[in-house]
Amino acid sequence: MPELPEVETTCRGLIPHVAGRQVTDLVVHQASLRIPVPEGLDELVGQQIESIHRRAKYLIFETKKGWMVIHLGMSGSLRICDAAVSLRKHDHVVFELDTGQQMRYHDPRRFGLVDWTSGAWQEMRWFKDLGPEPLTDDFGAAYLEEKARGRKGAVKTFIMTNQVVVGVGNIYACEALFMAGIHPNRAAGKISRKRLRVLVEAIKDRLTAAILSGGTTLRDFVREDGQPGYFKQELMVYGREGEACRKCKTLIKRCIIGQRSTFYCVKCQC
DNA sequence: AAAACTACCTGAGTGC
DNA sequence: TGCACTCAGGTAGTTT
């Protein structure tokens, strides 16, 4: 999926087109997503989108009547286009706006979700056990050290755990660990506070840089205007198995950690 | 409590 | 050209 930078890119791209606009109609072409698209989503019709927020990898659309929550799963995207543009396969939910444009939720693998609540969004099950946002001061070395204490599992799995910190997926976990010089398989609880500080800064740095590049497009991700993100060019290890390390020329290795492909440099990371 | 594994789904790529 | 197979950005839920 879209990890945090891709969701943030989508959020920023949607705001000029959607914030302050009214949703005049809504058509669900495929309700069978990660959870069924709820009936209550109809309440959105006639409402003005006051603003769009991001929490973790969730997009939150604010109206006076309630909140729509969208997660892009592994292959989802939200695009703005003219109503005349023909629908594509996997355009599952179409939102008609009072500008005459449409916002289309597209998701081949259907791991994403579209949800609605008339209560407080924070009370929804998606937000119950989430850790801090990585780009805020709530996420720091002291916090991470406390969380890591006693953990014997791989640090890579650890930083990808949403109860620890949100928004770090497989790409940016690999990239941040490379930048921090930490081997992805090292036990989380056995990393010094000094190195955790470096890791925290590496996570913030890579996520921030990726947002500036409009995210990483491997296959599916596109911004609201259909353009790809350009951070792929800056990847140091992800997807580079057998290629030369950009720092030391050693060939990049791939292994499986927590069922996920993991890329690292044996010389730069220990 | 934490770690390990499962399930959800389509499409692209590879090897035969 | 077709078939069988592997792999892919996430995460909630279940089992060990």
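As a basis for the values below, the full set of heavy atoms in this structure was taken, side chains included, without hydrogen atoms, waters or symmetry mates. Chain letters run A, B, ... following the sequence lines, proteins first, then strands; residues in each count from 1.
Each of dA8(C), dG11(B), dC9(B) was ranked by its minimum atom distance to the side chain of F111(A); first place goes to dC9(B).
We find that CD1 of I256(A) is positioned 15 Å from C1' of dA4(B), with the value rounded to whole Å. As rounded to whole Å, 13 Å separates atom C1' of dC9(B) from atom CZ of R34(A). For the pair E241(A) CD and dA8(C) C1', the computed distance is 14 Å after rounding to whole Å. One interatomic measurement links the two molecules: CZ of R151(A) to P of dA4(B), which rounds to 11 Å at whole-angstrom precision.
Taking 3.5 Å as the limit, the base of dC9(B) and the side chain of R110(A) contain no donor-acceptor pair of atoms between them.
With salt bridges taken as basic N to acidic carboxylate O contacts below 4.0 Å, none links E241(A) and K253(A). Salt bridge annotation for E145(A)-R197(A): absent, with no cationic side-chain nitrogen under 4.0 angstrom from a carboxylate oxygen.
Applying the under-4.5 Å side-chain rule to Ile, Leu, Val, Met, Phe, Trp and Tyr, the cluster around V266(A) extends to Y264(A).
Using a 4.0 Å heavy-atom distance criterion, F231(A) is classed as making no nucleic acid contact.
Between H92(A) and Y105(A), the two ring planes are tilted [angle within 30° to 60°].
Under the salt bridge (Lys or Arg N to Asp or Glu O under 4.0 Å) criterion, the residue pairs touching residues 9-34 of chain A are E8(A)-R12(A), R21(A)-D98(A), with sequence neighbours excluded.
Annotation: of the two residues near DNA chain B, R219(A) and F158(A), the 5′-most nearest-nucleotide partner is F158(A).
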Quiz item: In dot-bracket notation, what is the pairing pattern of DNA chain C, taking Watson-Crick (N1-N3 plus N6-O4 or O6-N4) and G-U wobble (N1-O2 and O6-N3) contacts under 3.5 Å, with [ ] crossing and | for other strands?
Solution: .|||||||.|||||||
